[in-house]
Amino acid sequence: MIETLQSNFGHLFEEELLLEISKVGKHFNVNSGETLMELGSKVRNMPLLVNGAIKVFRLDDDYREQILYFLERGDTCAMTLNCCVANSQSEIKAVAEFDSELILIPAENMEEFLKYKSWRRFVFDSYNNRFSELLEVVDSLAFMKLDERLFNYLHDKALVNSNLLLEVTHNEIAMEMNTSRVVISRVLKKLELEEKIKLHRNKIEVLEL
DNA sequence: TCATTAACACGGG
DNA sequence: CCCGTGTTAATGA
């Protein structure tokens, strides 16, 4: 585990902290599509994402989803951070975008790690990054038309997958964006006519980033 | 005006 | 045949 930490977080944390994390951290692997965190579940660990990507969703009262953002290597989940500090329940749902590798740090260690400058920096930066991503989501929901939002989604998905050819169905997108398949199909068709994407069965090709 | 729901046809695997 | 896709019509916000 210490090697994993060194290669992925060595640039962020000092050696001493890496060692401490390796003592209390737990290695954790998830398969693509697996749910890491359910709405309302108790949060006792804070994840460090070593490899892969995680989708973070907000759910409404009827458990309909709205995707918020993707987490990538080197990220942590600020919502989880929040919950660990407050010892509260999860406000979000997290699903693995593809096979991913995490290191879980028990909540009780978080505070003592604050004696490390690099840890304070990391926590602070994570809040910053998530906060601005969240603002972008607010902008997107409040001001953008669905065609822009949809292209944004495809764009982000292409980036985290490092692949312009996305294996996703119209229905899956509709679920993640909390709308209906009819609408997604229609807007995708429009984006295709604008030559921003190309549609295939079960696949969508992003033509511009 | 634009989303949702239901319904239907088409076609690839 | 099953599922994903493209479309339409009716209804509602």
Side-chain angles (χ1 to χ4, degrees), chain A residues 28-41 49 51-73 75 77-80 82-83 89-102 129-209:
Chain A
F28 194 66
N29 287 295
V30 279
N31 297 320
S32 178
E34 258 188 84
T35 300
L36 289 148
M37 171 110 23
E38 289 283 3
L39 185 75
S41 64
L49 189 49
N51 244 314
I54 309 290
K55 285 183 282 203
V56 177
F57 296 95
R58 187 76 171 124
L59 280 73
D60 74 3
D61 295 340
D62 299 322
Y63 293 94
R64 281 183 314 207
E65 305 175 345
Q66 167 62 53
I67 190 164
L68 295 181
Y69 44 70
F70 292 95
L71 298 175
E72 297 176 87
R73 172 211 294 258
D75 284 340
C77 180
M79 298 303 289
T80 306
N82 229 349
C83 292
Q89 298 184 335
S90 172
E91 303 273 346
I92 50 101
K93 175 183 172 185
V95 179
E97 172 74 0
F98 37 89
D99 293 355
S100 302
E101 184 184 357
L102 303 102
N129 291 335
R130 281 322 115 197
F131 194 83
S132 36
E133 288 230 37
L134 220 44
L135 274 188
E136 280 178 36
V137 174
V138 172
D139 284 346
S140 150
L141 290 174
F143 306 124
M144 290 169 68
K145 300 276 187 199
L146 187 58
D147 58 345
E148 293 178 90
R149 282 177 56 203
L150 180 53
F151 186 72
N152 250 10
Y153 168 85
L154 297 172
H155 174 270
D156 288 351
K157 200 176 173 74
L159 282 184
V160 299
N161 281 280
S162 310
N163 194 346
L164 293 177
L165 195 59
L166 304 172
E167 297 202 16
V168 64
T169 66
H170 298 186
N171 197 44
E172 284 165 0
I173 300 175
M175 302 294 287
E176 303 205 340
M177 296 187 58
N178 187 24
T179 181
S180 61
R181 207 256 319 153
V182 184
V183 174
I184 296 297
S185 290
R186 176 163 44 77
V187 178
L188 282 173
K189 205 73 201 159
K190 187 182 159 208
L191 289 174
E192 186 178 41
L193 286 175
E194 293 169 2
E195 297 189 330
K196 290 180 175 154
I197 61 171
K198 188 149 172 51
L199 299 176
H200 313 269
R201 190 184 173 81
N202 285 318
K203 293 183 181 77
I204 297 172
E205 192 178 354
V206 179
L207 297 180
E208 54 182 70
L209 282 181

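Naming convention: chains lettered A, B, ... in sequence-line order (proteins, then strands); numbering from 1 in each chain. Keep in mind the model is a prediction, meaning the values are calculated, not measured.
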Enquirer: Toward the 5' end of DNA chain C, which comes first, A:L188 or A:R201, by nearest nucleotide?
Expert: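 Nearer the 5' end of the strand: A:R201.
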
Enquirer: What's the shortest heavy-atom distance between A:G52 and A:L49, and which atoms?
Expert: O-CD2, 4.0 Å

Enquirer: What's the separation between atom NZ in A:K93 and atom CD1 in A:I67, rounded to the nearest 0.5 Å?
Expert: 11.0 Å

Enquirer: Count the heavy atoms belonging to other residues, nucleotides or ligands that lie under 6.0 Å from CG of A:D61, then report whether that count exceeds 12.
Expert: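 Counting neighbours around CG of A:D61, 12 or fewer heavy atoms of other residues, nucleotides or ligands fall under 6.0 Å, so no.
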
Enquirer: Looking at A:E208 and A:K196, does any basic side-chain N land under 4.0 Å from a carboxylate oxygen?
Expert: no

Enquirer: Please report how far the helix from B:dT1-C:dA13 to B:dG13-C:dC1 bends, comparing the axis fitted to its first five pairs with the axis fitted to its last five, to the nearest 10 degrees.
Expert: 10°

Enquirer: Taking A:S41 for its side chain and A:M37 for its backbone only, find out whether a donor-acceptor pair lies under 3.5 Å.
Expert: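 Checked: no pair found.
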
Enquirer: How about CE on A:M175, more than 12 heavy atoms from neighbouring residues, nucleotides or ligands closer than 6.0 Å, or not?
Expert: no

Enquirer: Mark yes or no for whether A:S140, through its side chain, and A:V138, through its backbone, hold a donor-acceptor pair below 3.5 Å.
Expert: no

Enquirer: Could you check whether any side-chain N or O of A:R181 sits under 3.5 Å from a backbone N or O of A:I173, counting only pairs where one atom can act as donor and the other as acceptor?
Expert: no

Enquirer: Keeping A:D99 on the side-chain end and A:S32 on the backbone end, is there a donor-acceptor pair under 3.5 Å?
Expert: yes

Enquirer: Considering all heavy atoms of both residues, which atom of A:R149 and which atom of A:Q66 are nearest to each other, and what is their separation?
Expert: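 The pair with the smallest heavy-atom distance is NH2-OE1, 3.3 Å.
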
Enquirer: Walk along DNA chain C from 5' to 3' and tell me the first and last nucleotide with an atom closer than 4.0 Å to a non-hydrogen atom of chain A.
Expert: C:dC3 to C:dT8

Enquirer: Going 5' to 3' through nucleotides 3-8 of chain B, assign each nucleotide B (protein heavy atom under 4.0 Å from a base atom), S (under 4.0 Å only from sugar-phosphate atoms) or - (no protein heavy atom that close).
Expert: SBBBB-

